[in-house]
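Structure first, commentary second.
In this text the structure is predicted, and so the values were computed from the model without any measurement. Remember, it's 1-based here, ligands and their atoms both numbered in the order they're listed.
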Amino acid sequence: MKQAIHPSKHTVIFMMGVSGVGKSTIGALLAKQLEVPFFDGDDYHSKANISKMSKGAPLTDLDRHDWLHALNALATQQLKTNSCIIACSALKESYRTILETAIEASTKWIFLHGTFQQIKERLQHRNHHFMTSDLLQSQFDTLEIPQNALQIDIHLSPKEMVTEIQKSLPIKTQFGLIGLGVMGKSLSRNLAQKGVRISMYNRHVTEVEEDIAINFKKEFKELASALPFDVLPDFVKSLETPRKIMLMVNSGSAIDAVIENLLPFLSQGDSIIDGGNSNYNKTKERFDFLKSKGIHFIGVGVSGGEEGALKGPSIMPGGDIKAYQQVQPFLELIAAKDKNGAPCCSYIGNEGSGHFVKMIHNGIEYVEMQLLADVCTVLKAKGNTSDQIADIFEQWKPTTNSYLLEITSTILRKKEGDDWLVNKIMDTAGNKGTGNWATIATAELGVPSTLIASALFARYTSFYKAERVAASKQFNSENITVPKISIEDLHNAYQFARIINHYQGFKLIQEASEHFKWALNLSELARIWTNGCIIRSDYMIELVTTFKTTNNLFAHKNTIQALKTRKSAIKKVVSECVLIELPIPSLSNAIHFFNNITTANSSANLIQAQRDYFGAHTYQRKEDDTGQFYHTDWKLNEPEKPTAHGNTSN
Ligand code: 6PG
């Protein structure tokens, strides 16, 4: 859908001039270009006026009075919701005063003019028009040349006239982007390619970041109508109100610095959209702070990396729903599309919910990445080369495809010289913080998202490279055998662990939704993760339907069946890897968590007893469902009745 190039927000353009000059033709053409409504003032004459003019009698000021007020009322009404163009002769200054009553600031005059002869010839070739050429002279006699109008000579072609008019319009842009890094540039190009007129800003830092926006504009033809800035107030002024400004800057203090610099230039009702990987708690703080200033703050998770941002990311907006609705057309326009063509962009919930679910997206992503790394560890130990592992992954695609499986296959095939590039990369995995925040969130919410923590700590462990090398010399067994693991068992183990990963990830989101009262929709969330984002997969497509029937994956028959059939495989794989000392942190955590969560009577009773022994933290009894807590003086050796304690949780 081509976005309209609108004049500055809600402007009425009066196309004026004597009859036959082409007001209606040019007005309609301009309206089509700007995608705004067009109204022909002649349609608003009374029957008496039309009858009078058709008999060749000129209209008096009195005849015109009601007509002019009717057009002013039309313009005023239109301005409430949109810009518009009205063709009207408006020959006298007094007529124009009536037409722009109470809307002067939103009115623009375009005066089409030509010679008497030019126009007479035109009129003589126009039929079915109630104005005869004999009246033309009285029109010219009545005409008072407007002082504040753009004058357009009708010797130009209609297209040239429209172009000239457009150049003069204070065309404001529809959407602003701040921060032209990798993601900011991709999103800018995506918006521009969809016909959105954007303003782009990048700070000026002498000898570090100079002319970033202007040079970026020159690189891509789709940015031809984009406006580049490195002066913030000019950037803000270029935007139509209410403004929509998307920040694509590093999370943390940079966001607050940009907000502080923006605030003096913003108007009530403007929206700031944070498209970075910001912490959801900070997003809530910024949401509340800006709300007190009358500014909307929308925390938007954007997933898909550089390519996704350009071709269509998955977009997770959270905040005030009315504010979201103002930016919704733009975000949906640039988002990836699901298999039914619907945008992978959907309002998530209030406050920081958008950034929260993006954080958990990244947590699930960490695990998916670690599971692939664990699988590669086993396949490598079985003697497969990178190419051979990629071949195996190709065989898994029909039943287990995902974006991460695809890119991992590509990565494994990349050679440098006669070795594979991946073998030359230092094995210390970095992170920008989202997996860390996800693990903190799971601990704060008391939800056992053990896989996210296992994947995060696997990265942290990898960073102790020197310590690992030293320890390997001390502790690694000599006679490490080749793992007795079949490809089929490994594939089933991988699929089993992926189910556990998605179970934990969505469980954490559901718990947060209840805790923060966000009322999140898991099926809709899975839908916007079926394309554009890093964790898109065939399994995610399946979850869209699954979450329509339950929020608990473990209660769904397909999941139960899938886990049951694959459980023996992962037990074999993990047991074998433990025996031959192969590190598979996330694969192994999956089965350990599963064994834990499927144990009806666990060892936690002993934990309670220990806590009560040294801390008198009390415990509940299996046979007592009243919620009563008990304490025992464990040091006394004769049997005694435990003393009941208040119904307080310890
Ligand atoms: C995405 C990615 C993106 C980014 C991560 C990388 O959804 O597009 O997750 O957000 O690549 O920040 O995270 P780490 O640097 O923590 O691995």
At less than 4.0 angstrom from any non-hydrogen atom of [X], what atoms of ligand 1 do you find?
X	answer
Thr434	16 (O)
Asn362	5 (C), 7 (O), 9 (O), 10 (O), 12 (O)
Ile534	1 (C), 2 (C), 7 (O), 8 (O)
Tyr366	14 (P), 16 (O), 17 (O)
His361	7 (O)
Gly305	8 (O)

Sub-4.0 Å heavy-atom approach of Gly304 to ligand 1
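A heavy atom of Gly304 does come that close to ligand 1.
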
Are Gly435 and ligand 1 in contact, using a heavy-atom cut-off of under 4.0 Å?
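Distance cut 4.0 Å: Gly435 fails for ligand 1.
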
Under 30°, 30 to 60°, or over 60°: which ring-plane class applies to Phe554 and Tyr503, parallel, tilted or perpendicular?
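Answer is parallel, since the angle falls under 30°.
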
Can an N or O of Lys358 be found at a distance shorter than 3.5 Å from an N or O of ligand 1?
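Right, the criterion is met.
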
Carboxylate-amine/guanidinium proximity below 4.0 Å for [X] and [Y]:
X	Y	answer
Asp256	Arg286	yes
Arg203	Asp230	no
Asp270	Lys244	no

With a 6.0 Å cut-off on the ring centroids, do Phe330 and Phe175 count as close?
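Here the rings of Phe175 and Phe330 have centres that are less than 6.0 Å from each other.
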
Flag the pair Phe356 / Trp518 as yes when their ring centroid distance falls below 6.0 Å, and as no otherwise.
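Centroid distance Phe356-Trp518: below 6.0 Å, so yes.
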
For atom 4 (C) of ligand 1, closest protein heavy-atom neighbour
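Nearest protein contact, heavy atoms only, for atom 4 (C) of ligand 1 is Asn277 ND2, 4.2 Å.
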
Starting from atom 7 (O) of ligand 1, find the nearest protein heavy-atom neighbour and note its residue, name and distance.
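I find the closest protein heavy atom is Ser303 OG, 2.6 Å.
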
May I ask you to check whether over 12 heavy atoms, not counting those of Lys414, lie within 6.0 Å of atom NZ?
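Not more than 12 within 6.0 Å, no.
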
Sub-3.5 Å donor-acceptor pair from the side chain of Glu332 to the main-chain atoms of Pro343, do we have one?
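Side chain of Glu332 to backbone of Pro343: no pair is present.
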
Could you tell me whether atom 14 (P) of ligand 1 has a protein heavy atom closer than 4.0 Å?
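Yes; the ligand atom in question has protein heavy-atom contact below 4.0 Å.
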
Is a side-chain donor-acceptor pair under 3.5 Å present for Lys358 with Asn277?
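Note: Asn277 and Lys358 side chains meet the donor-acceptor criterion.
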
Heavy-atom proximity to atom 17 (O) of ligand 1, best of Lys432, Glu365, Arg459, Met369:
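Of the listed residues, Arg459 has the closest heavy atom.
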
